[in-house]
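What you are looking at is a predicted structure, and each value in this text was computed from that prediction instead of being measured. So that the names make sense, note that chain A is the first sequence line, chain B the second, and so on, each numbered from 1.
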Protein chains: 2
Amino acid sequence: MARPRKEQELDIPRRAVEETIRLLAQQGDFGVPLTAVAQAVGCTAPALYGHFRNKNALLRAARDEGFGRLYNEKFAVFEQMRGDPLGYLRDGSYAYARFALENPTLYRLMFSPPPKLGVSDDPWSSEASRQVLSLLLTGLRSSQEHGYLPGADLRRYGFMFWSTIHGAVSLNIQNRLLDHAAKWDSTQSVIDALMEMIAATGPAKHPITS
Amino acid sequence: MARPRKEQELDIPRRAVEETIRLLAQQGDFGVPLTAVAQAVGCTAPALYGHFRNKNALLRAARDEGFGRLYNEKFAVFEQMRGDPLGYLRDGSYAYARFALENPTLYRLMFSPPPKLGVSDDPWSSEASRQVLSLLLTGLRSSQEHGYLPGADLRRYGFMFWSTIHGAVSLNIQNRLLDHAAKWDSTQSVIDALMEMIAATGPAKHPITS
DNA sequence: GCCTCAAACTTAATATCATTCAGTTCTTGG
DNA sequence: CCAAGAACTGAATGATATTAAGTTTGAGGC
């Protein structure tokens with residue numbers, strides 16, 4: 001047997017990415033053998049080379065798919081929250097954190113990839129993550145229009161905001177001593193604290209210092 | 001030739017860790033071949049197995065050494081800054097960020113290690129990083145005694161503080177489009193913003209909102 | 001000083017992958 | 001029905017981690 005019949009066509013590119021993400025999660029490590037991916041897809045390892053230059057290209061594709069999924073989740077929240085910028089910042093951050101905590105290995109692939117992959121990864125200019133960031137910036141800009149963060153440099157605040165959440169999520173993912181719920185609580189508490197700080201800059205309701 | 005003469009003893013454990021860290025930096029990747037480490041040390045790959053159970057154990061040792069070096073740098077700042085808690089928090093953070101940006105691959109090994117390594121990595125309870133964190137907490141506690149962060153839960157603030165800096169450093173390390181100076185500026189600006197926020201909670205000098 | 005043994009290595013040997021090569025079988029345009 | 005290329009497969013290659021087996025050296029007992 002060599003070339004498959006038309007009935008049994010597999011759409012290898014899509015399935016390979018899908019199975020790679022699944023195996024990444026299952027093994028908790030980037031070192032997923034190509035053979036394993038191929039077997040999960042239902043072909044042999046060399047067949048993958050017809051669709052991806054090499055293993056790094058497959059991992060890059062999985063990474064891009066990860067950014068796509070993250071964007072979709074954040075975008076869904078964004079649409080639900082029109083008119084409530086602070087609500088969007090909060091729930092969008094929750095969605096981000098949930099994605100990261102539920103897909104820890106994929107998240108690591110997205111944000112701490114081995115340089116070998118050859119991704120450039122400027123959060124401000126890269127193809128994949130640009131859209132995710134732009135949602136955050138839109139939320140911040142909208143918040144500013146509602147009177148929060150008066151006069152703040154949004155680019156700067158955006159980076160800091162993202163840094164805090166990314167940092168919290170990364171440290172929690174890393175911490176094997178915590179179970180899923182504890183990681184979530186810890187991350188959520190960071191997001192809540194961040195939101196309180198932003199809320200405090202707005203149309204005076206709460207004082208910032210206790 | 002089999003066992004080396006006494007004159008040419010090598011202290012393989014120490015040198016292996018040292019060379020591993022050097023090769024990690026040089027290759028920018030965890031995938032340093034054991035053969036390369038062995039060659040740099042001046043022995044053969046199997047010889048390393050007399051001192052480390054396997055490659056992961058060697059990487060763990062390099063990681064621990066990394067935490068040791070980071071602690072030393074932060075501790076030096078700590079001693080210079082006795083009596084100036086906010087100054088320590090600022091310069092200690094600078095030292096942390098400088099370490100991370102100057103040793104990006106080692107930093108990634110410390111904070112985003114492949115789960116294969118078998119490290120547990122609770123920043124709050126792990127052997128290696130505990131001391132680094134305790135310096136931060138001491139700085140925060142001391143700041144509180146000087147009137148800053150009144151009534152704040154330090155454990156909580158400590159985690160948030162660390163998350164922000166770790167996040168900023170991680171994102172900047174990742175960003176290949178920035179040169180070293182730009183990464184440093186970006187990180188420093190996050191640290192400065194953080195310090196301003198803490199300063200604003202103290203013996204009223206600056207208002208927090210602009 | 002000599003002998004034995006464990007220590008500390010070395011050189012082969014093995015296993016696991018990624019990647020490349022050389023076919024083999026469908027499909028499709030003529 | 002035929003030719004050519006597409007899409008795979010199975011075997012071959014090469015890099016590494018790890019284990020096995022063999023060799024030399026240093027130290028303690030005599």
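The interatomic distance linking Lys55(B) (NZ) with dA15(D) (C1') rounds to 11 Å, in whole Å. If you take CG of Leu58(A) and P of dC17(C), they are 16 Å apart, rounded to a whole angstrom. For the pair Asp11(B) CG and dC9(C) C1', the interatomic distance rounds to 16 Å; values are reported in whole Å. Per the geometry, NZ belonging to Lys116(B) stands 15 Å off P belonging to dT16(D), to the nearest Å. The CG-P distance, from Leu34(A) to dT20(C), rounds to 11 Å in whole Å. If you measure from atom CG of Asp29(A) to atom P of dC17(C), you get 12 Å, rounded to the nearest angstrom. For Leu59(A) and dC17(C), the CG to P distance is 15 Å, given to the nearest whole Å. What separates OH of Tyr49(B) from P of dA8(C) is a distance of 18 Å, to the nearest Å.
Contact annotation for Val32(B): backbone-only contact, meaning every heavy-atom pair under 4.0 Å involves sugar-phosphate atoms and none involves a base.
Within 6.0 Å of OH in Tyr94(B) there are more than 12 heavy atoms belonging to other residues, nucleotides or ligands.
Side chains of Tyr96(A) and Asp91(A): a donor-acceptor N/O pair is absent below 3.5 angstrom, by distance only.
Counting only heavy atoms from C-beta on, Thr44(A) has its side chain closest to dT9(D) among dT9(D), dT19(C), dA17(D). Candidate nucleotides dT20(C), dC8(D), dT10(C) were compared by shortest atom distance to the side chain of Pro46(A), and dT20(C) ranks first. Listed nucleotides dA12(C), dT19(C), dC17(C) differ in distance to Pro33(A); the shortest reach to its side chain belongs to dC17(C).
Using a 4.0 Å cut-off between charged nitrogen and carboxylate oxygen, Arg15(A) and Glu19(A) count as a salt-bridge pair.
Between Tyr71(A) and Phe75(A), the ring planes lie parallel to each other; the angle is under 30°, not in the 30° to 60° tilted range.
Checking the phosphate oxygens (OP1, OP2) of dA8(C), no side-chain nitrogen or oxygen of His51(B) falls inside 4.0 Å.
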